[in-house]
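Take a look at the structure set out below.
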Amino acid sequence: DGSTDGTREILKQIPFSSPSRGEGKGGGDKGDTKIILKEKNEGKGSAIREGLKNATGDVVVIQDADMEYDPMDWLEMLKVMKEKNASVVYGSRFLCKDNEFPFLNRTANRFLTLLTNMLFFAKTTDMETCYKLCSKELLLSLNLKTNSFEIEPEITCKILKSGCRIEEVPVVYRPRNKTAGKKIGWKDGFKAVYYIIKYRFVS
């Protein structure tokens with residue numbers, strides 16, 4: 001996503017990638033890896049939509065680069081998806097009692113989840129979670145449009161509006177702070193409220 005923090009240089013050092021060509025094919029236990037380099041930074045939503053265009057599997061999971069979430073939790077999410085024949089499984093930070101949140105972060109997330117549940121008659125516990133495991137077919141059908149952090153409420157609201165049930169599993173969460181590079185702020189919270197209401201009443 002137009003990153004200037006040295007990510008591209010690191011990717012060039014990984015044997016199974018060829019960032020200069022836009023994608024790399026891996027072998028052995030690394031599987032196939034495709035790297036898409038955007039020249040201009042346009043935000044999380046834009047990056048997700050670009051990745052979705054290039055995804056080749058049946059299932060997609062979103063993973064933020066800051067590693068606040070543990071990728072090992074994918075295994076349980078996939079297990080639940082298979083056992084319950086679900087199209088969507090969210091990794092809920094609030095279902096894991098060992099997770100710690102900054103007070104404002106917890107309060108904002110609880111409010112946004114409550115608002116979503118009220119407007120869409122849902123029972124989710126963490127609508128803003130990064131860990132959204134979905135069938136690729138479903139994600140493509142949502143016609144996602146937003147470019148920044150509002151992609152989170154857009155995905156959740158459109159899934160609920162489509163009638164799909166969201167299954168949830170507890171996941172580990174290690175929050176970063178502003179000093180460590182956390183970018184989401186209070187303005188994004190107000191945007192989320194706007195988009196939750198918008199997607200309830202506008203297609």
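The figures here come from the full heavy-atom set of this structure, side chains too, leaving out hydrogens, waters and symmetry mates.
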Which residue pairs satisfy the ring-ring contact (aromatic ring centres under 6.0 Å, His included) criterion with at least one member in residues 78-106, sequence neighbours excluded? Phe94-Phe101, Phe101-Tyr173
Cluster overlap Phe111 with Leu119, hydrophobic side-chain contacts below 4.5 Å: yes
Strictly distance-based, threshold 3.5 Å: is any side-chain N or O of Thr156 a donor or acceptor partner for the main-chain N or O of Met127? yes
Co-members of the apolar cluster containing Met67 [side chain, <4.5 Å]: none
Hey, does Cys157 have a side-chain heavy atom less than 4.5 Å from the side chain of Arg200? no
For Thr129 and Gly91, indicate whether the former's side chain and the latter's backbone hold a donor-acceptor pair under 3.5 Å. yes
Crowding at NZ, Lys82 (>12 non-hydrogen neighbours, <6.0 Å): no
Donor-acceptor pair between Thr7 and Asp5 side chains, under 3.5 angstrom: yes
For the residue pair Gln63 and Tyr69, establish whether any side-chain heavy-atom pair is separated by less than 4.5 Å. yes
Can you find a side-chain donor-acceptor pair between Asp1 and Ser46 that sits under 3.5 Å? no
side-chain hydrogen bond (donor to acceptor under 3.5 Å, both in side chains) involving Asn99 - partner list, sequence neighbours excluded: none
What's the spacing between Glu42 CD and Ser148 OG if we round to 0.5 Å? 11.0 Å
Closest non-hydrogen atom pair between Pro170 and Cys96, with its separation: CB-N, 3.8 Å
Single-linkage hydrophobic cluster, 4.5 Å side-chain cutoff, Ile197 and Leu144 together: yes
Examine Ile166 and Leu140 and state if one hydrophobic cluster contains both, with Ile, Leu, Val, Met, Phe, Trp and Tyr joined whenever side-chain heavy atoms are less than 4.5 Å apart. yes
Looking only at heavy atoms, which two atoms of Asn143 and Glu154 are closest? And how far apart? O-OE2, 3.9 Å
I'd like to check the side-chain hydrogen bond (donor to acceptor under 3.5 Å, both in side chains) partners of Glu150; sequence neighbours left out, ordered by chain and number. none
CD1 of Ile159 to SG of Cys134: how many Å apart, nearest 0.5 Å? 4.0 Å
For Leu114, side-chain contact (heavy atoms from CB on, under 4.5 Å) partners two or more places apart: Met118
Let me confirm one number: the CG-CG distance from Leu133 to Asp73, rounded to the nearest 0.5 Å. 11.5 Å
Identify, with sequence neighbours excluded, every residue that meets salt bridge (Lys or Arg N to Asp or Glu O under 4.0 Å) alongside Glu9. none
Would you give the length of the straight line joining atom CD1 of Ile151 to atom NZ of Lys158, rounded to the nearest 0.5 angstrom? 8.0 Å
Is any side-chain heavy atom of Leu160 closer than 4.5 Å to a side-chain heavy atom of Tyr199? no
Could you list who else is in Leu95's hydrophobic cluster, with ILVMFWY side chains joined at under 4.5 Å, directly or through other members? none
Asn41 and Ser3: side chain to side chain donor-acceptor pair (under 3.5 Å), yes or no, with the steps? CA-CA 7 Å; Asn41 182 284; Ser3 175; over 6 Å; no
Can you confirm whether Glu128 sits close enough to Pro153 that some side-chain heavy atom of one is under 4.5 Å from a side-chain heavy atom of the other? yes
Heavy-atom donor-acceptor pair, Tyr131 side chain to Val171 backbone, under 3.5 Å: no
Looking at residues at least two apart in the chain, or sitting in another chain, which of them share a side-chain hydrogen bond (donor to acceptor under 3.5 Å, both in side chains) with Asn109? Arg93, Asn105
For residues 47-55, run the donor-acceptor check on the side chains, cut-off 3.5 Å, and write out each pair with its distance to 0.1 Å, sequence neighbours left out.
from, atom 1, to, atom 2, distance (Å)
Arg49, NE, Thr146, O, 3.1
Arg49, NH2, Asn147, OD1, 2.3
Asn54, ND2, Glu50, O, 2.9

When Leu139 is tested against each of Val88, Val59, Val60 for side chain to side chain contact (heavy atoms under 4.5 Å, CB included), which residue passes? Val60
Write out all pairs satisfying salt bridge (charged side-chain N to carboxylate O under 4.0 Å, His left out) with one or both partners inside residues 130-140, taking only residues at least two apart or from two chains. Lys132-Glu152
With Ser141 via side-chain contact (heavy atoms from CB on, under 4.5 Å) - residues at least two apart: Leu138
Is there a donor-acceptor pair closer than 3.5 Å between any side-chain N or O of Asp64 and the backbone N or O of Asp66? no
So, Thr125 versus Glu168: side-chain donor-acceptor pair below 3.5 Å or not? yes
All side-chain hydrogen bond (donor to acceptor under 3.5 Å, both in side chains) counterparts of Arg165, not counting sequence neighbours: Glu167
So do the side chains of Leu75 and Met72 get within less than 4.5 Å of each other, counting heavy atoms only? yes
Treat each ILVMFWY residue as a node, draw an edge where side-chain heavy atoms are under 4.5 Å apart, and state whether Phe201 and Ile155 are in one component. yes
CG (Asp188) and NZ (Lys44) are apart, to the nearest 0.5 Å, by 11.0 Å
